[in-house]
Amino acid sequence: MNALRRVIAHLDIDAFYASVELQRHPEARGRPLVVAGTGPRSVVTTASYEARRYGIDSAMPAARARALCPDAIFIAPDFAAYRAKSREVWDIVRASFETVGQAGIDEAYLDVSSLDRPLPALRELVVAVRERTALQISVGVGPSRLVAKTASSAFKPAAFVAMGREQAAAHFAGHAVRLLQGVGPKTAERLAAVGVETVGDLQSANPTLLARRFGERQALALHTRAHFHDDSPVETSRVAKSRSSELTFPADVSDQARLEQTLVELALELGDGLRTRQRRARTIAVKVRLDDWTTVTRARTLPYFTDESATIAATALELLRAYAPPRPVRLLGVRVASFDDESKGAPAGSEGSQLALHL
DNA sequence: TCTGGGGTCCTAGGACCC
DNA sequence: TCTGGGGTCCTAGGACCC
């Protein structure tokens, strides 16, 4: 066996939130179902496959979804329920597979290189998950995360596809570049401007022209991706680097007192979260989105670590006041980062500094 | 019918140090 | 007698993903 040969699987729960809601509302079976918030500015979180036939999809404004399909059943998201169900699924997966890298609530990568017959093992897993949780998983298998993920996404729902790198490069050549991980709407637009529309176009694009347009690094990354080269490992544990809380107001807010009140509440939430997780942060940032969608961030790094809501709130308030939003505010957010157990470590004397500054 | 919330990574520029 | 060069830390904005 070739030790360098990698076999990676990507697992994705089909229409996860909508599927959980269908279990809780069996009467909705067969009908279009949309999971979306109830506020005037909420967006679609997940749509069932029936609802997708009306053109409804994730991130679409809920109001637009209602217009597209007034008869759909709309349900407000219940993230606690989804987290619980997600845990059930991935616990089953982790019981049978060693290298599991969760990549969100409803997807994960598995490194199954060491298995003699990975495909039958994965088939069994899909059956086990379906029997025990009534959820359908799509599976893509390939020599890299990129191939595995692209395969599962392209063939879901209920996908079970294995393909090699060259096979993927040939099979997806006719697809829009947007299919590739890391190519979003902006990059797709810039590529279209130089005549690159499909994955195949990108595969054969002139490297010099690409580099002139996108810079050496990004051009290389795009080209590499188009040919489905990817050697990124499956990471089984990742430590969060930041945490944030934000709120979009139902209607834009100009009242300074109301903004400050909201900011303090967000800071309190974050402080609670830090203490629960026993982490402390040095960088505190605020995010302000104005009514014209301008988004501004302001950050300050303290000379000490903190998990105190009062410190986070006071710093966030200073940052907000210094910025003084020039227009009505649509969204307010607070973020903390530079945690104390990062490998960078604490600056010397941070404990003393904290004492001194809090006297 | 306008556009959520929680994250990660990248880039670019300035301050500061040796 | 026109301004080196590299490294690190920090901030701000932006693209992208689920």
Side-chain angles (χ1 to χ4, degrees), chain A residues 10 12-13 15-17 34-46 54-70 76-77 79 82-83 86 102-109 145-146 149-150 152-153 177-191 214-218 220-222 225 232 235 238-252 266 269-270 273 282-303 319 322-323 330-339 342 344-345 347:
Chain A
H10 179 256
D12 197 327
I13 310 175
F16 178 49
Y17 297 169
V34 178
V35 180
T38 51
R41 287 174 163 175
S42 62
V43 299
V44 173
T45 308
T46 316
Y54 291 84
I56 299 172
D57 211 348
S58 300
M60 171 183 290
R64 178 157 157 70
R66 277 178 214 282
L68 284 171
C69 183
F79 292 105
Y82 309 148
R83 275 194 296 272
S86 163
Q102 228 181 298
I105 195 166
D106 63 347
E107 60 182 273
Y109 293 93
R145 303 199 320 161
L146 180 59
K149 161 91 181 176
T150 310
S152 70
S153 316
V177 285
R178 199 67 181 73
L179 173 93
L180 298 171
Q181 289 275 116
V183 178
K186 300 288 182 182
T187 306
E189 204 176 305
R190 292 175 65 199
L191 283 167
F214 291 87
E216 206 78 42
R217 281 174 68 104
Q218 204 194 345
L220 183 64
L222 286 168
R225 253 190 210 144
S232 65
E235 290 183 43
R238 295 193 65 186
V239 186
K241 295 183 170 175
S242 69
R243 295 187 57 83
S244 61
S245 292
E246 61 184 55
L247 175 73
T248 295
F249 296 107
D252 302 332
L266 293 168
E269 269 179 41
L270 277 181
R282 284 171 61 221
T283 303
I284 293 153
V286 299
K287 172 172 162 184
V288 183
R289 176 125 72 210
L290 305 176
D291 62 344
D292 65 356
W293 208 255
T294 314
T295 305
V296 168
T297 60
R298 290 292 182 266
R300 178 180 303 164
T301 297
L302 305 173
L319 291 166
Y323 169 56
R330 176 189 181 92
L331 170 151
L332 217 45
V334 182
R335 184 176 68 93
V336 291
S338 312
F339 294 136
E342 277 177 29
K344 288 169 190 171

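So that the names make sense, note that chain A is the first sequence line, chain B the second, and so on, each numbered from 1.
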Select one nucleotide: of [options], the one nearest the side-chain heavy atoms of [X].
X      : options              : value
A:S244 : B:dG5, B:dC9, B:dG6  : B:dG6
A:W293 : B:dG4, B:dC9, B:dG7  : B:dG4
A:A63  : B:dT1, B:dG7, B:dG4  : B:dT1
A:R41  : B:dT3, B:dC10, B:dT8 : B:dT3
A:E246 : B:dC9, B:dG6, B:dG4  : B:dG6
A:R243 : B:dG7, B:dT3, B:dG5  : B:dG7

Mind checking the CG-CG spacing from A:L222 to A:L180? Nearest 0.5 Å is all I need.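 With rounding to 0.5 Å, CG (A:L222) is 8.5 Å from CG (A:L180).
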
Drop me the distance from A:T150's OG1 to A:L179's CG, to the nearest 0.5 angstrom.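 If we round to the nearest 0.5 Å, A:T150:OG1 and A:L179:CG are 5.5 Å apart.
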
With sequence neighbours left out, write down each residue that passes side-chain contact (heavy atoms from CB on, under 4.5 Å) with A:Y54, or none if nothing qualifies.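 Counting only residues at least two positions away or on another chain, A:Y54 forms a side-chain contact (heavy atoms from CB on, under 4.5 Å) with A:P32, A:I56, A:C69.
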
Just jot down the side-chain contact (heavy atoms from CB on, under 4.5 Å) partners of A:P61, sequence neighbours excluded, or say none. A:R64

In whole angstroms, how far is the [atom2] atom of [N] from the [atom1] atom of [X]?
X      : N      : atom1 : atom2 : answer
A:Y17  : B:dG4  : OH    : P     : 16 Å
A:Y54  : B:dT1  : OH    : P     : 19 Å
A:M60  : B:dC2  : CE    : P     : 14 Å
A:K287 : B:dT8  : NZ    : C1'   : 13 Å
A:L222 : B:dC10 : CG    : P     : 14 Å
A:F214 : B:dC10 : CZ    : C1'   : 15 Å
A:R217 : B:dC9  : CZ    : C1'   : 10 Å
A:Q102 : B:dG6  : CD    : P     : 18 Å

Is there a donor-acceptor contact under 3.5 Å from the side chain of A:S338 to the main chain of A:R282? no

Excluding sequence neighbours, so at least two apart, what forms salt bridge (Lys or Arg N to Asp or Glu O under 4.0 Å) with [X]?
X      : result
A:D106 : none
A:R41  : A:D252
A:E246 : A:K287

When you match A:R330 and A:V239 each to their closest nucleotide on DNA chain B, which lands nearer the 5' end? A:R330

Find which nucleotide of DNA chain B each of A:A67 and A:F79 is nearest to by heavy atoms, and output the residue with the more 5' nucleotide.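 Comparing both residues, the 5'-ward one is A:A67.
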
pair A:L332-A:L247: side-chain heavy atoms closer than 4.5 Å: no

Do any side-chain nitrogens or oxygens of [X] fall under 4.0 Å of OP1 or OP2 in [N]?
X      : N      : answer
A:S242 : B:dT8  : yes
A:R335 : B:dG7  : no
A:R282 : C:dC10 : yes

Could you work out, with side chain to side chain donor-acceptor pair (under 3.5 Å) as the rule, every residue matching A:R300, not counting sequence neighbours?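 Side chain to side chain donor-acceptor pair (under 3.5 Å) check on A:R300 returns A:E318.
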
Which residues pass the side chain to side chain donor-acceptor pair (under 3.5 Å) test with A:S152, sequence neighbours left out? A:H10

Classify [X] by what it touches in the nucleic acid, base, sugar-phosphate, or nothing, heavy-atom distance under 4.0 Å.
X      : result
A:S245 : sugar-phosphate
A:L247 : sugar-phosphate
A:R190 : nothing
A:P250 : nothing
A:A59  : base

Could you measure between the two P atoms, the one in C:dC18 and the one in B:dC2, and give it in whole Å?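 Between the two P atoms, the distance is 27 Å.
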
Expressed as a whole number of Å, how far does the P atom of B:dT3 sit from that of C:dC17? 22 Å

How would nucleotides 11-18 of chain C be written as a contact map, 5' to 3', with B for base contact, S for sugar-phosphate-only contact and - for no contact, using protein heavy atoms under 4.0 Å? SSS-SSSS

Five pairs at each end of the helix from B:dG5-C:dC18 to B:dC18-C:dG5: take the axis at both ends and give me the angle between them to 10°. 10°

